[in-house]
Amino acid sequence: MIKAEITDKELNEHLNSIEEDKMRIFTMADGRVRGALFHGTRFVNQIRAQHNLGILETYILGQASLCAALTIPMMKDLEHTVVKFETNGPAEGYSVEADSTGYVRGYLYNDHIPVTKALESWDLTPFLGAGNLTFSRVHKDDKFPQSSTIEADGANIAKDFADYFAQSEQINTAFHSSIQFDKQGRVIGAGSMYIQIMPKTGGTAGVGSQVDSHAEEDLEEEKLLQKVENAFKACPSIGLLFSEKEVDSEDIILGLFREFNPTITLKRDITYDCPCEKQNFLNYLRSLPKDQLEDIRVNGPDPIEIICRNCGSVYHIPVSEI
């Protein structure tokens with residue numbers, strides 16, 4: 001990927017003053033609940049710079065990418081996930097990919113969304129609307145991806161992700177993502193968080209042995225779900241929190257979920273990146289039919305401009321190199 005430079009001096013000064021981008025993975029409630037909190041302010045700004053996006057487009061692709069990043073801790077071994085939302089709305093949808101190595105990339109199907117009036121809320125129904133949300137996973141040795149699709153209303157991307165896990169994976173999962181803009185439209189804070197209630201066998205042997213009946217288990221499960229849900233809902237805007245210099249991710253986790261004794265098990269980098277490179281596009285051009293190559297040699301253009309759809313990188317390839 002050719003990394004686009006963020007040239008806004010005031011924005012760069014702000015980014016240098018806040019907590020670094022990082023994902024913190026945690027468990028709590030004696031292993032019954034797992035989750036992750038991702039500070040992605042620079043991450044979303046890089047998305048915007050790569051694709052040269054407006055505010056609405058940044059919000060949609062940023063939200064989808066923040067949520068896709070949260071699927072990385074759920075991956076087993078080497079895994080790659082592609083999430084696509086397809087709709088007839090003006091935005092047409094999005095495609096985002098997350099890789100177990102820690103990178104996310106993606107794009108909007110329409111990166112110039114028509115807006116006919118001032119936005120009154122961040123309800124995305126007028127721009128996305130109802131559509132199909134598809135998760136496709138590829139493991140290291142898979143010949144074909146494993147895909148599953150649900151119908152989603154497109155009003156809130158985080159909720160769409162949660163609905164997918166509830167319907168397709170049948171795992172109680174909550175997603176929250178947020179992007180904070182300043183008065184000039186700059187992204188000054190962005191982040192996302194998820195929590196999952198794991199099956200009873202996912203806890204400790206001691207906890208599992210305390211349950212004598214399905215009825216007791218169901219009641220305990222319901223109480224735990226309600227308490228965790230209440231704590232999760234109590235979280236203010238993550239984007240707003242991360243826009244403030246004094247905010248610390250670990251304090252957010254410990255403050256929200258203190259009742260459940262959270263333990264941060266891992267911190268890792270998540271980046272907006274793409275494995276594209278000039279040589280791959282050069283190899284593609286060299287594979288074109290001879291008549292097309294001759295037409296390019298005679299009529300140009302020279303150099304040839306190729307834009308990677310996944311990350312917005314612009315490659316200029318001289319005809320002499322083909």
Side-chain angles (χ1 to χ4, degrees), residues 21 23 36-75 80-99 102-113 119 122-137 147-165 168 173-181 187 189-194 237-239 270-274 308-312:
D21 280 20
M23 178 177 285
L37 175 64
F38 175 40
H39 180 187
T41 304
R42 296 164 188 81
F43 173 86
V44 172
N45 274 288
Q46 193 63 52
I47 292 172
R48 188 177 198 177
Q50 291 296 136
H51 291 283
N52 192 26
L53 300 176
I55 292 175
L56 177 59
E57 292 82 3
T58 298
Y59 185 80
I60 294 175
L61 185 56
Q63 291 272 0
S65 300
L66 287 167
C67 288
L70 293 176
T71 67
I72 292 176
M74 307 177 198
M75 295 180 181
H80 190 84
T81 298
V82 181
V83 183
K84 293 187 176 183
F85 184 76
E86 297 174 318
T87 174
N88 292 324
E92 299 179 17
Y94 57 78
S95 174
V96 289
E97 302 179 30
D99 192 86
Y103 78 82
V104 177
R105 66 177 185 174
Y107 60 93
L108 295 174
Y109 294 154
N110 179 8
D111 56 11
H112 293 89
I113 304 168
L119 299 181
W122 287 116
D123 179 356
L124 295 176
T125 303
F127 309 107
L128 289 175
N132 293 323
L133 182 66
T134 301
F135 275 60
S136 299
R137 293 184 173 90
S147 298
S148 181
T149 301
I150 68 162
E151 294 181 357
D153 63 23
N156 182 294
I157 291 172
K159 183 179 181 300
D160 289 344
F161 272 65
D163 288 345
Y164 169 82
F165 278 91
S168 186
T173 309
F175 282 82
H176 173 66
S177 60
S178 175
I179 299 174
Q180 182 71 26
F181 295 91
V187 175
S192 56
M193 178 169 60
Y194 90 93
S237 165
I238 295 177
I270 304 294
T271 60
Y272 189 80
D273 202 355
C274 181
C308 176
R309 189 177 190 185
N310 285 298
C311 70

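Quick note: residue numbers are just sequence positions, from 1. Both backbone and side-chain heavy atoms feed into the values below; hydrogens, waters and symmetry mates do not.
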Closest non-hydrogen atom pair, [X] against [Y]:
X: Thr41; Y: Asn45; value: O-ND2, 2.9 Å
X: Leu66; Y: Gly40; value: CD2-CA, 4.3 Å
X: Ser237; Y: His176; value: CA-NE2, 4.3 Å
X: Asp160; Y: Ala155; value: OD2-N, 4.5 Å
X: Val187; Y: Phe181; value: CG2-CE2, 3.6 Å
X: Ile72; Y: Asp99; value: CD1-O, 3.5 Å

Test item: [X] and [Y] side chains (from C-beta on) under 4.5 Å apart, heavy atoms:
X: His39; Y: Leu37; value: no
X: Tyr164; Y: Ser148; value: yes
X: Ile270; Y: Asp21; value: no
X: Tyr107; Y: Ser95; value: yes
X: Arg105; Y: Val96; value: no
X: Phe165; Y: Phe175; value: yes
X: Thr58; Y: Ile47; value: no
X: Leu56; Y: Leu124; value: yes

First locate atom [atom1] of [X], then atom [atom2] of [Y], and finally report the distance between them rounded to the nearest 0.5 Å.
X: Glu92; Y: Ile60; atom1: CD; atom2: CD1; result: 11.0 Å
X: Glu97; Y: Thr81; atom1: CD; atom2: OG1; result: 9.5 Å
X: Asp163; Y: Asp153; atom1: CG; atom2: CG; result: 7.0 Å
X: Phe43; Y: Ile179; atom1: CZ; atom2: CD1; result: 9.5 Å
X: Glu57; Y: Asn110; atom1: CD; atom2: CG; result: 7.5 Å

Output yes when a side-chain donor or acceptor of [X] lies under 3.5 Å from a complementary backbone atom of [Y], and no otherwise.
X: Thr71; Y: Ala68; value: yes
X: Thr87; Y: Leu128; value: yes
X: Gln50; Y: Gly312; value: no
X: Arg48; Y: Leu53; value: yes
X: Ser178; Y: Gly239; value: yes

ring-ring contact (aromatic ring centres under 6.0 Å, His included), paired with Phe161, selected from Phe135, Tyr194, Phe85: Phe135

Test item: side-chain donor near acceptor, Thr134 and Ser147, under 3.5 Å: no

Parallel, tilted or perpendicular: ring planes of His51 versus Tyr272, cut at 30 and 60 degrees: perpendicular

